[in-house]
Structure formats: structure tokens, C-alpha cells
Amino acid sequence: MEIIVPTTVEDHPYREFERVGWERAASSYAASFEAITNLFAKQLLAAVGAGPRIKLLDVACGSGYMAAMAADSGAQVEAVDFSPNMVEVATRRYPRLPFRMADAEALPFADNTFDAVVIGFGVHHFPFPLRALAAARRVLRIGGRVAFTVWAPVEEHLFQKVVVDAVREIGNPTASLPTAPAGAICEIETCLGLLRDSGFVLPPPRAETLTAFVPIESALQLIQLLTDGTVRMSSLIRSLPQEKRALLPMAVEREMERFRQGDVFKVPAAAILAVGVKA
Ligand SMILES: C[S@@+](CC[C@H](N)C(=O)[O-])C[C@H]1O[C@@H](n2cnc3c(N)ncnc32)[C@H](O)[C@@H]1O
């Protein structure tokens, strides 16, 4: 029997905003923001039991490092991202791994193909995250696991908060991150709701907050890293008029001061890890 796999997604301005942003960020991602998402990758892979003989799909794989970690653990890996530039970077870095261009909402794989699907810091970038999780569920075999990470609320995710607060202080008192049409995805309850609503049922899906301390040398380094390697924070920073932007490093440094440890700042980054099983 022929298996029909969806290949197209609904046009949406938010998808376009993200696509343009990731196309721009792709060339610097591996040298910038990857160092932050990487801090949570081991736990994400452990949550789906990545290892020998596991067929694993990395969705929104970015520069490809997590797919490479999974392959090193013995897993049989496929990886997709909707940004052609990201796929090119990942393929150049890990030429033996099969990276493909695909949207998370239209995965180009047959039903019941994988034992595990991981989505590292992707779900909050999708215009319709429920559709993406339903797609992940479709390609999982019965008993297969999905795990995803998103950033925790800004009050807990201080790595983001130090910059958001500085932007608010110097230029835009109501500044906030651009949000997908589905709304913010940063609370444990929202993540669990997405898992339940996309059909992950047994055993009960679970979610927890993880914290890592990011060593940062200076406010300038943090601003550069976010400007080059992200889409939403980058757009927030770049929304400042030029004369205000010059004030940003000093304002961020003031916010970071409480995290100083000798010559570096150890700034807490907080993520939610959510796990579901296809019953
Ligand atoms: C923050 S990066 C995360 C990359 C990698 N998973 C990691 O943990 O470092 C977000 C990635 O999601 C991809 N992305 C965003 N929206 C997507 C979509 N609708 N379908 C597939 N990939 C998408 C971007 O191109 C980007 O590579």
C-alpha cells in the first residue's frame, strides 16, 4: 500500500519571520548559540533512550551537533530542518549523516518509522506546534518517545532576562520576544498540554525544568552571541534605535553583575524538558 506523507505546510508570516531569521543565523550558529543549547542536549537524548539500535529523528536539527551526538551513541539517525542554510552547515560539519530540508509540521517520513524523536529548542519557533507534535507522533512507532526542550519563562531563564531587562531599561519599557501564533510555549503546563493534545497518552507525559550555568566573559559577548545566533532575541536587540543600542552593553553588564564569579559571569539558563510516549 502506498503511504501518503504530507509535504507542504500552511503559509504563515510567522513561519516566514523564523525562516528568514534562521537563514541569516545559520552561518554563525555553530560558533555562537549552539554552545548554549548544547548544555541540555545530553538530557534530551537520554529522555528518549538514544543509543545502539534506536532509530532517532532530530527535528529542527540546526547545525547538526545533536544528531551527531546521537549517532555517536550508536543510534541510527535522520535529521531535518526547514532552513536550507542550516542543512548545508550541518551537512558540511557531519558529512556522513543524512540531513534533509523539511518543515517540522510536514515530516517526509512514513508512519511508524522511528523509536525516538527529539526537538531541541524548536517547538516555540513553529507557527503550529500541535501540528508538529502530531507529525512527530505519526512517524513514531507505538511505544516510541518524543522529547523536546523550550526555554523556561523569562523570570527563570535569567540568561535571556538580563538582556530583556536591559532593553526595557534603556529603550523600550514593554519589549518582549516575538511569539508564534499559538502563543508562548515556556510553561510546564503548556508543554504537557501540547503533548496530550497531540495524542501522547501512556505512560503519562512528563516535564521538568533544567538549569545550566553559562560562562560569559562580558556583556558584549552575550549581546553578540544573541544577535548572531538567535532569531527572536536578535530581533528584540535589533529593534533598538542605534543610539540606544550603544547603551546596551553597560545596561546588560549592570544586570549581569550579580552573576560575577571572578573574571567571568555564570549566568543561569533554564529550559523545560518535556517527554511523551506514543501509546
Ligand atoms: C534554536 S535552533 C535549535 C537548533 C538545534 N536543535 C539545537 O538544539 O541547537 C532552532 C532551529 O529550528 C529550526 N526551525 C524553526 N522553525 C522550523 C520549522 N517550522 N520546521 C523545521 N525547522 C524549524 C531553525 O531553522 C533552527 O535551526
Side-chain angles (χ1 to χ4, degrees), residues 6-45 47-48 56-70 77-91 93-94 97 99-109 117-136 139 146-151 157 159-160 177-182 185-186 210 212 225-226 228-235 269 271-273:
T7 52
T8 57
V9 289
E10 183 183 325
D11 284 342
H12 196 283
Y14 189 78
R15 196 188 313 278
E16 191 54 14
F17 161 76
E18 290 276 353
R19 199 191 54 75
V20 169
W22 290 114
E23 284 292 85
R24 176 192 53 79
S27 60
S28 38
Y29 190 81
S32 58
F33 205 58
E34 176 187 300
I36 318 305
T37 61
N38 202 327
L39 297 168
F40 301 92
K42 260 195 197 153
Q43 282 147 301
L44 184 52
L45 289 173
V48 294
L56 179 143
L57 172 64
D58 182 0
V59 174
C61 64
S63 50
Y65 75 87
M66 197 163 57
M69 284 170 72
V77 175
E78 300 264 0
V80 297
D81 198 286
F82 80 158
S83 154
N85 287 347
M86 278 293 193
V87 171
E88 195 189 314
V89 168
T91 306
R93 286 177 96 192
Y94 307 105
L97 295 183
F99 294 101
R100 302 199 202 181
M101 228 175 71
D103 198 287
E105 294 170 22
L107 296 173
F109 302 99
V117 174
V118 288
I119 316 174
F121 299 101
V123 170
H124 49 290
H125 295 291
F126 308 153
F128 303 106
L130 255 184
R131 292 181 196 169
L133 285 168
V139 301
V146 68
F148 68 84
T149 42
V150 294
W151 297 115
H157 183 30
F159 184 81
Q160 207 170 60
L177 289 180
T179 302
I185 302 171
C186 55
L210 308 173
L225 189 150
L226 291 170
D228 292 348
T230 72
V231 170
R232 297 177 314 148
M233 279 303 288
S234 182
S235 125
I272 293 170
L273 168 64

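Order of listing sets the numbers, starting from 1, for every ligand and every atom in it.
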request  = Identify whether the distance between the nearest side-chain nitrogen and carboxylate oxygen of R19 and E16 falls below 4.0 Å.
outcome  = yes

query = Where's the contact between W22 and ligand 1, heavy-atom distance under 4.0 Å: side chain, backbone, both or neither?
reply = side chain

ask   = Can you tell which part of C61 has a heavy atom less than 4.0 Å from ligand 1: side chain, backbone, both or neither?
value = backbone

request  = Specify the protein heavy atom at minimum distance from atom 5 (C) of ligand 1: its residue, its atom name, and the distance to 0.1 Å.
outcome  = A60 O, 3.5 Å

task = Give me the ring orientation class for Y14 and F17: parallel if the planes are under 30° apart, tilted from 30 to 60°, perpendicular past 60°.
result = tilted

Contact (N/O only, under 3.5 Å) between V59 and ligand 1 = no

message = Give the atom numbers and elements of ligand 1 that come within less than 4.0 Å of a heavy atom of S83.
response = 25 (O)

query = How many angstroms lie between atom OH of Y29 and atom CZ of R24, to the nearest 0.5 angstrom?
reply = 12.5 Å

inquiry  = Which of the numbered atoms in ligand 1 are under 4.0 angstrom from any heavy atom belonging to A104?
reply    = 18 (C), 20 (N), 21 (C)

task = Test L226 against F159 for side chain to side chain contact (heavy atoms under 4.5 Å, CB included), laying out the working first.
result = CA-CA 10 Å; L226 291 170; F159 184 81; 4.0 Å; yes

query = Can a non-hydrogen atom of A102 be found less than 4.0 Å from any atom of ligand 1?
reply = yes

key: Criterion side chain to side chain contact (heavy atoms under 4.5 Å, CB included) on F33 and M233, from CA distance to verdict   = CA-CA 11 Å; F33 205 58; M233 279 303 288; over 6 Å; no

ask   = Of F126, Y14, W151, F128, which has the heavy atom at the shortest distance from atom 17 (C) of ligand 1?
value = F126

Contact check, Y65 vs ligand 1, heavy-atom distance below 4.0 Å = yes

key: Trace of the side chain to side chain contact (heavy atoms under 4.5 Å, CB included) decision for F126 with F82   = CA-CA 10 Å; F126 308 153; F82 80 158; over 6 Å; no

message = Please classify the T37 to ligand 1 contact at 4.0 Å (heavy-atom distances, strictly less than): side chain, backbone, both or neither.
response = side chain

request  = Return a yes/no value for D81: is any of its N or O atoms, backbone included, closer than 3.5 angstrom to an N or O of ligand 1?
outcome  = yes

ask   = Does ligand 1 have any atom sitting under 4.0 Å from a heavy atom of F33?
value = no

query = Among F40, F82, F121, Y29, whose heavy atom sits nearest atom 7 (C) of ligand 1?
reply = Y29

key: For the student: nearest non-hydrogen atoms of E23 and M86, plus distance   = OE1-N, 4.3 Å

inquiry  = Which label fits Y94 and F99: parallel for a plane angle under 30°, tilted from 30 to 60°, or perpendicular past 60°?
reply    = tilted

request  = From atom 3 (C) of ligand 1, work out which of G62, G120, P129 has a heavy atom at the shortest distance.
outcome  = G120

request  = Indicate yes or no: does an N/O atom of E18 lie under 3.5 Å from an N/O atom of ligand 1?
outcome  = no

ask   = Touching ligand 1 at all, M86? Heavy atoms, strictly under 4.0 Å?
value = yes

request  = Using the side chain to side chain donor-acceptor pair (under 3.5 Å) rule, pick out the option among E105, H125, E10 that qualifies with R15.
outcome  = E105

query = Taking all atoms of both residues into account, what is the closest heavy-atom pair of G62 and D81, and its distance?
reply = N-OD2, 2.8 Å

